[in-house]
Number of protein chains: 4
Amino acid sequence: MDVVEVTPTFEQYAFTFGGVAPLRRVTPGTALRLWSDDAFSGALRSATDLSAEKVDLRYVNPQTGPFFVEGAEPGDTLALHFVGMEPARDWGASAAIPFFGGLTSTERTATLQAALPDTTWIYELDRARNTVTFAARHGDLRIDLPVEPMLGTVGVAPAGGEVRSSLVPDAFGGNMDTPQMRPGSTCYLRVNVEGALFSLGDGHYRQGEGEACGTAVEGAMTSTVIVDLVKGADSGGGPAWPRIEDDTHWMTVGSSRPLEDAWRIGQTQLVHWFEELYGLHPMDAYQLLSQITEVPIANVVDANYSAVVKARKSLLPAASAYGGLHDDLRARAATLL
Amino acid sequence: MDVVEVTPTFEQYAFTFGGVAPLRRVTPGTALRLWSDDAFSGALRSATDLSAEKVDLRYVNPQTGPFFVEGAEPGDTLALHFVGMEPARDWGASAAIPFFGGLTSTERTATLQAALPDTTWIYELDRARNTVTFAARHGDLRIDLPVEPMLGTVGVAPAGGEVRSSLVPDAFGGNMDTPQMRPGSTCYLRVNVEGALFSLGDGHYRQGEGEACGTAVEGAMTSTVIVDLVKGADSGGGPAWPRIEDDTHWMTVGSSRPLEDAWRIGQTQLVHWFEELYGLHPMDAYQLLSQITEVPIANVVDANYSAVVKARKSLLPAASAYGGLHDDLRARAATLL
Amino acid sequence: MDVVEVTPTFEQYAFTFGGVAPLRRVTPGTALRLWSDDAFSGALRSATDLSAEKVDLRYVNPQTGPFFVEGAEPGDTLALHFVGMEPARDWGASAAIPFFGGLTSTERTATLQAALPDTTWIYELDRARNTVTFAARHGDLRIDLPVEPMLGTVGVAPAGGEVRSSLVPDAFGGNMDTPQMRPGSTCYLRVNVEGALFSLGDGHYRQGEGEACGTAVEGAMTSTVIVDLVKGADSGGGPAWPRIEDDTHWMTVGSSRPLEDAWRIGQTQLVHWFEELYGLHPMDAYQLLSQITEVPIANVVDANYSAVVKARKSLLPAASAYGGLHDDLRARAATLL
Amino acid sequence: MDVVEVTPTFEQYAFTFGGVAPLRRVTPGTALRLWSDDAFSGALRSATDLSAEKVDLRYVNPQTGPFFVEGAEPGDTLALHFVGMEPARDWGASAAIPFFGGLTSTERTATLQAALPDTTWIYELDRARNTVTFAARHGDLRIDLPVEPMLGTVGVAPAGGEVRSSLVPDAFGGNMDTPQMRPGSTCYLRVNVEGALFSLGDGHYRQGEGEACGTAVEGAMTSTVIVDLVKGADSGGGPAWPRIEDDTHWMTVGSSRPLEDAWRIGQTQLVHWFEELYGLHPMDAYQLLSQITEVPIANVVDANYSAVVKARKSLLPAASAYGGLHDDLRARAATLL
């Protein structure tokens with residue numbers, strides 16, 4: 001399989017889902033090797049670079065794309081399989097941005113309190129050991145943490161003619177900020193416009209669930225992804241909300257506020273997927289999932305919060321989605337490694 | 001170590017935290033072997049037993065206790081170490097109770113819609129294989145699931161003279177419904193009244209995170225627990241919210257509504273615990289935890305929702321809480337097995 | 001009609017709903033003239049009295065009561081008609097208490113930010129002009145505001161053996177903090193325990209809707225209230241949530257978190273009341289109320305938030321609740337003035 | 001003053017804020033007389049027209065506009081003064097749309113329950129008596145209700161290149177659904193793009209606060225509005241969130257989820273406006289507003305919920321905003337009537 005390499009110039013980045021002309025057209029089955037900048041557009045390079053001074057809020061969370069997928073029509077299902085993700089710089093950055101994050105008041109959870117101190121942390125990458133190093137800003141503690149690369153943001157153009165900031169997660173995917181979006185995963189997204197117009201970015205060298213301070217170990221990333229398409233008739237119409245499949249789990253992602261609504265979305269969506277996968281009555285799917293789901297919070301810091309609802313395949317009878325597409329993509333990915 | 005066995009009569013169960021005379025007095029260091037009935041007080045014994053007909057809502061979630069811990073005073077820290085939990089019946093029960101659960105409107109998330117159908121599932125236990133069996137009510141699917149015993153409800157008498165239903169989780173613990181409350185875990189709770197007055201119950205043979213339908217595989221349980229006490233001066237005053245420690249993780253549990261507030265509580269509490277454990281500045285603890293926490297939702301169905309925030313010890317330098325009490329309890333527990 | 005006067009000593013105050021022995025027994029039809037202290041138990045007497053220093057959090061929001069109503073049984077409806085409320089001191093107090101209120105992080109909406117400055121405002125009362133005076137603490141602005149006396153807290157003992165702090169509003173009433181609880185209003189509460197055990201307090205000389213900073217113009221109050229009782233058979237079993245009736249409106253109060261759940265409770269409860277009052281189908285009641293309700297937020301600062309849902313009688317055909325009890329109480333009240 | 005009349009064809013309606021070419025260019029000071037269709041695009045004309053059959057969800061909430069305001073630049077303040085609103089048809093329509101509204105589960109507050117019955121109500125307009133008539137669908141009750149015309153939706157193009165559905169309220173205004181948007185009111189909106197690109201629609205012949213069932217008495221409307229502009233330097237940069245001024249109140253509108261966040265936004269915004277209007281310290285503005293604000297919920301049914309926070313001018317010293325623009329617009333409006 002050939003791999004198409006794309007490294008955007010700064011002017012080529014997209015800062016929204018929807019509303020941007022395609023960067024390139026690709027046919028289903030194409031493998032792409034995509035360079036994406038970090039969420040700060042590379043503006044934080046030392047611990048003395050403060051986000052209030054260095055980060056231009058018009059240019060945060062740059063996306064590589066959008067890509068026009070040939071033949072994709074509204075109601076189809078776009079499948080993006082992540083073959084690999086490699087840190088593209090030797091350091092990542094994280095920051096407590098004033099009035100942004102989970103343990104501070106924000107523009108929406110508005111209070112009259114002063115902001116937390118604007119603070120930046122730089123994580124040095126050790127490629128040999130595959131670690132990034134946390135270095136305390138107010139003390140000497142240093143901790144090496146495993147690199148676990150993931151993409152915070154993967155999405156398509158929204159429905160209804162909407163254009164959304166790349167900071168937003170919603171039914172179209174976007175800034176879900178879940179560690180599940182990692183090598184080996186396949187993400188299924190409903191196509192809302194001709195060509196799907198997907199893009200991705202927001203590489204994280206690692207991230208805790210919830211992304212508490214609002215930023216992960218943000219880093220430029222080189223991602224290898226295989227693009228595929230399931231036409232509407234075969235897929236029952238494209239999933240209403242993002243689905244993720246990997247070798248071990250069936251997963252759905254709900255994004256909304258309050259956080260219980262994000263969870264309600266994810267949990268009902270997995271009930272409905274189980275109706276399809278196992279022919280279960282919804283009450284039986286509800287019951288079964290009540291006893292087996294794993295539910296990691298993805299983020300409590302974005303414009304919408306995200307929750308992931310997962311069911312472990314090893315607990316369940318064999319089943320396949322989209323004609324066994326994930327397994328097929330894994331096999332194709334193996335030829336690229 | 002001696003083990004004190006307690007099997008309450010029905011009249012001896014507590015249905016509140018606080019407001020109940022002690023069932024027994026115990027000294028710190030005591031091991032207890034406690035029988036607890038299931039959350040339905042044993043009323044659902046076949047799939048034709050419907051909760052609307054069989055379950056008396058005045059007698060749900062019976063608690064075994066409360067126990068008066070000698071020497072416990074407000075501000076101390078109660079430590080409960082779970083040595084083992086064994087299913088005490090050969091079946092568990094689960095139910096979709098009308099207007100109760102996460103994927104239905106409820107008394108509080110009130111709508112005008114009709115209830116979901118009142119439905120009961122019985123899970124047969126296979127002790128040899130250590131499984132319970134899901135049996136679809138609307139089809140033939142049967143799935144054996146591993147038994148993973150846990151207690152949904154562990155708590156002390158609340159502060160401020162309050163008395164709370166055993167269905168409620170809050171700062172005093174209670175009905176947190178997290179799978180983390182399992183053998184091998186130590187739960188730390190702030191003592192609010194003389195004697196702490198802890199009780200426990202709501203055994204689950206297994207439960208998904210979120211406890212979506214509102215009930216787990218509910219089952220009578222025999223729990224072995226070692227009771228210990230950290231006096232106030234040593235513990236900095238008892239944790240504001242429940243903490244859990246096991247061999248692999250530091251954990252906090254927040255319970256509130258909306259769910260993001262439960263998470264905010266859990267996440268800030270773990271920041272504060274990390275200030276103690278590692279001498280970190282709060283901004284550094286906030287940053288470090290943002291990159292490493294695991295955040296499983298515990299329940300989205302109770303009077304308050306609960307979120308667990310966890311940090312994996314293997315990622316961190318060695319540290320010990322309460323003078324290494326958890327390791328000490330593990331050693332003591334080993335003598336009981 | 002005789003009026004029974006009650007002025008509690010400090011030791012006689014109740015700080016919870018439930019869990020307190022009755023202060024006095026009263027028969028239905030009794031008029032009471034009750035003295036209640038302010039929510040700070042009188043601790044803030046000048047603008048230099050800071051809440052962190054002067055307010056003992058164990059003794060906030062003292063309630064006058066509880067009163068055991070002869071003949072009241074679970075399922076009955078308690079009616080409390082407010083004849084008059086008179087400021088009992090010549091000043092009221094308000095405060096921005098650290099980490100309490102609506103525009104600050106709190107114990108539940110927890111962040112890592114510093115508290116807002118602990119600040120106290122004293123409002124001088126001018127009885128002749130019936131005003132209290134706002135005096136800026138950081139400038140010279142003084143504004144005379146009309147006295148509009150109300151009670152923040154009115155409730156009965158909760159169901160299920162619970163005991164709740166007087167800071168909490170819920171199905172039993174309690175700290176609803178709505179300006180609708182004023183002279184001329186009748187409050188209907190479901191009786192949960194023998195004798196109902198109602199109490200009241202938290203006088204406000206005036207309050208904005210939402211009670212943004214967490215405290216109103218808090219003041220000692222002398223309230224005249226007529227107590228009455230509707231036996232279960234006549235009332236359809238006591239309202240699930242508090243109802244208020246005055247000469248102009250039918251009202252319900254919902255209290256929960258998030259705030260939309262408080263609203264959902266209040267709105268569904270008014271739908272159900274309209275089914276009773278007008279014989280409407282629930283879909284028709286839903287539609288009619290969608291076009292006429294007034295929905296002032298009561299508080300966004302307490303342990304639960306409260307929303308009031310109101311329907312203006314003048315828009316509607318004549319109807320009467322509880323056999324015209326409110327009009328009857330108004331007539332009885334007129335004999336007291 | 002001349003009045004420019006605009007009656008769009010169906011093809012000219014906008015269904016988003018942003019992303020649409022201007023319908024017309026206007027200079028500040030212009031008076032417009034705008035015809036807008038109802039939120040169903042006129043599809044519900046009898047009680048037997050069901051929304052599931054007749055309403056094309058791609059064409060709901062049509063907006064008249066957008067208008068390009070000459071000279072408007074990002075950071076300026078657009079002022080829209082509503083001179084008059086006249087029902088443009090002799091009937092209005094309301095509907096309980098499946099899975100839409102406040103007392104049903106929805107796409108976001110997702111449950112597994114069945115939808116409420118799809119139901120339509122038609123309200124006949126009596127121009128002489130200025131009433132619309134509620135007619136029960138499940139009984140004979142008919143109630144004449146006063147016409148109180150308002151616009152559910154008024155907004156400008158969003159910031160950051162976003163395009164939002166006309167069903168959404170947010171910082172750019174949009175579908176706030178507040179009865180305060182009525183004749184005599186001036187709405188201030190921050191300009192985000194060249195020309196502001198405002199549009200309006202969603203006429204309501206009347207609406208209860210909260211818009212409980214999701215739809216008001218929806219009706220085509222002829223609205224007369226004067227457009228004006230305050231350049232950035234004069235206005236301190238355009239309000240972060242919508243402000244409304246009428247003869248009696250200063251108002252702000254917050255829109256978000258959960259509802260308490262909508263309120264927090266509105267309340268902090270009014271604090272900040274009071275800092276400007278009265279030179280108050282924020283803690284004093286917080287305190288003063290805590291005692292005087294009126295807080296009607298606007299909607300609990302849209303993509304974001306909206307709360308209005310109001311301060312009554314008659315309680316306050318004289319003050320003027322934007323150089324007394326509202327009074328000036330009132331005077332200009334008087335010449336049109």
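Below, read A as the first sequence line, B as the second, and so on, with proteins coming before strands; counting in each chain starts at 1. No experiment lies behind these values; they were computed from the predicted model shown.
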Under 4.5 Å heavy-atom distance to chain C, tell me which part of [X] shows up: side chain, backbone, both or neither.
X: B:T111; value: backbone
X: B:T106; value: neither
X: B:V168; value: side chain

Please round to the nearest 0.5 Å and tell me the distance separating atom CD of C:E162 and atom OG1 of B:T16. 8.5 Å
Supply the atom-to-atom distance C:W241 CH2 to B:E107 CD, rounded to the nearest 0.5 angstrom.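 Going from the CH2 atom of C:W241 to the CD atom of B:E107 covers 6.5 Å.
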Name the option with the most non-hydrogen atom pairs under 4.5 Å to chain C; the candidates are B:A262, B:S165, B:G160. B:S165
Return yes if some donor-acceptor pair links the side-chain N/O of C:R108 with the main-chain N/O of B:S255 below 3.5 Å, else return no. yes
If every non-hydrogen atom of C:G161 is compared with every non-hydrogen atom of B:V163, which pair is closest and at what distance?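 Between these two residues, the closest heavy atoms are O-CG1, 3.3 Å.
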Looking only at heavy atoms, which two atoms of B:R264 and C:A110 are closest? And how far apart? CB-O, 3.5 Å
Please classify the contact between C:R58 and chain B as side chain, backbone, both or neither, with a heavy-atom cut-off of under 4.5 Å.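 Neither part, no heavy atoms under 4.5 Å.
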Are any non-hydrogen side-chain atoms of B:L112 and C:Q267 less than 4.5 angstrom apart? no
Just wondering, do B:R164 and C:R164 contact through their side chains at under 4.5 Å, heavy atoms? yes
